[in-house]
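Read the numbers this way: they start at 1 and go in the same order the structure lists the ligands and their atoms.
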Amino acid sequence: MNFTEIKDLEDTFQLATYKKMNIAVERGRGSWVWTSEGDKYLDLYGGHAVCGTGHSHPRVVNALKEQAEKVLFYSNLVYSDLRARVAEKLVSVAPPSLTKAFFCNSGTEANENAMRIARLATGRQKVISFSGSFHGRSADSISATFLGKYRDLGKPNVPFHEMAEFGDIDSVRSVADDSTAAIILEPIQSMAGVREADPEFFNELRLLCNDLGIVLIFDEVQTGVGRTGNWFFAGSDLAGGVEPDIVSLAKALGSGVPVGACLVNDKVSAAIKENDLGTTFGGGMIAMAAVLATLEAIEEDEMLSNARKFEMYLRDSLSGVKGINAIRGRGCLIGIEFAESCGPVHAELLQNKIITGTSSDPKVMRLLPPLSVTIEEADMLTAHLVNSSAGVGTAVQ
Ligand SMILES: Cc1ncc(COP(=O)(O)O)c(C=O)c1O
């Protein structure tokens, strides 16, 4: 089928949900995808922040092929040597206090379970989240989401959710009390426009949670699995070394195979008993094969240091470019803040076969490339931005 036929068929038989780019992806490798028309695109949006190891990393592909020959699936009703090894491996790269994993299928499900674990562990109900937050589209997660456009989709929202200002500890203090089960936050608010908070904020949050017996949850659906140049934001210098009680994960965890997880500390896991949590597909063998190969690929290909290199290179090469106000974010989660709306630049880049992301802030373009992105690939973007006809470019200082 050519693109027009594919688009017609999909628009006819699939509910209209996302605003799609006018391309049909047929195959991918590393930072590149090829379309139905044989065109090659540089994917600096990493398949929607999912393909951290790059598209179809050979290690992941081979692991999936091998596993598919053995057994596709069995649930948590049985033991599995693969699931055991994946849980051990994931815990081994996590901050030391996070000692157990719970596997599920997506980011929203990881957050639903993180909040449930917090309520079970504290016997309390209230959850505090932040202005600009996005935690997913199922009932509890969308109710913890304070990006209005999304939160409103979840109406009627689940009760016992309250909002504090991101990065403002006094605002958190004004809503946190001894009825609060959890404080949940994205340590870098990606969808809101790659908004960051100081390490000091995370330290103060940790102390406040300790004082009031509140469970601290980092939603690392985007920042986790190497994205910031650290295995996790939790415990890194970016967080001032702070380790939350729970980290939720998804997106890049399975390199494209749907899988989510919660990593929890001993204090919290002691409160969980049989039948408190569950999901049929969580921890299935295909997903587990993808996770193990993903973690090994990140390690073997030294992708954490590569993600940091990408950030530094971009900061250097875009500093002083006319029309760009700031570079935000860490590693391979970058927000480029333009002086004006980034829409025209985003469209122009797509015309030039470079895929980037937008955000809820019209001026902020998001980059979430594979952690294996090269300097040559980064250069393709910067060359366009420096020579853009869409209002940015040249005149470096
Ligand atoms: C920070 C964050 N949390 C949760 C989610 C929800 O993940 P999923 O779409 O896998 O349910 C997303 C998705 O974009 C996200 O960015």
Check: Do Phe218 and Phe232 make the cut of ring centroids closer than 6.0 angstrom?
Finding: no

With Glu337 as partner, the option from Arg328, Arg366, Lys363 fulfilling salt bridge (charged side-chain N to carboxylate O under 4.0 Å, His left out) is Arg328

> Does the side chain of Ser359 pick up a donor-acceptor pair with the side chain of Asp361 at under 3.5 Å?
Replying inline: no

* Would you confirm whether Glu196, through its side chain, and Arg330, through its main-chain N or O, come within 3.5 Å as a donor-acceptor pair? => no

Classify the side-chain pair Thr180/Asp177 by whether it contains a donor and acceptor separated by less than 3.5 Å.
-> yes

Please table the atom pairs, donor to acceptor, closer than 3.5 Å between any side-chain atom in residues 285-297 and protein atoms at least two apart or in another chain.
residue: Thr294; atom: OG1; partner: Ser255; partner atom: OG; Å: 2.7
residue: Thr294; atom: OG1; partner: Ala290; partner atom: O; Å: 2.6
residue: Glu296; atom: OE1; partner: Arg59; partner atom: NE; Å: 3.2
residue: Glu296; atom: OE1; partner: Arg59; partner atom: NH2; Å: 2.9

Heavy-atom contacts under 4.0 Å to ligand 1, chain-then-number order, include exactly Ser106, Gly107, Thr108, Asn111, Phe134, His135, Gly136, Glu186, Asp219, Val221, Gln222, Lys251

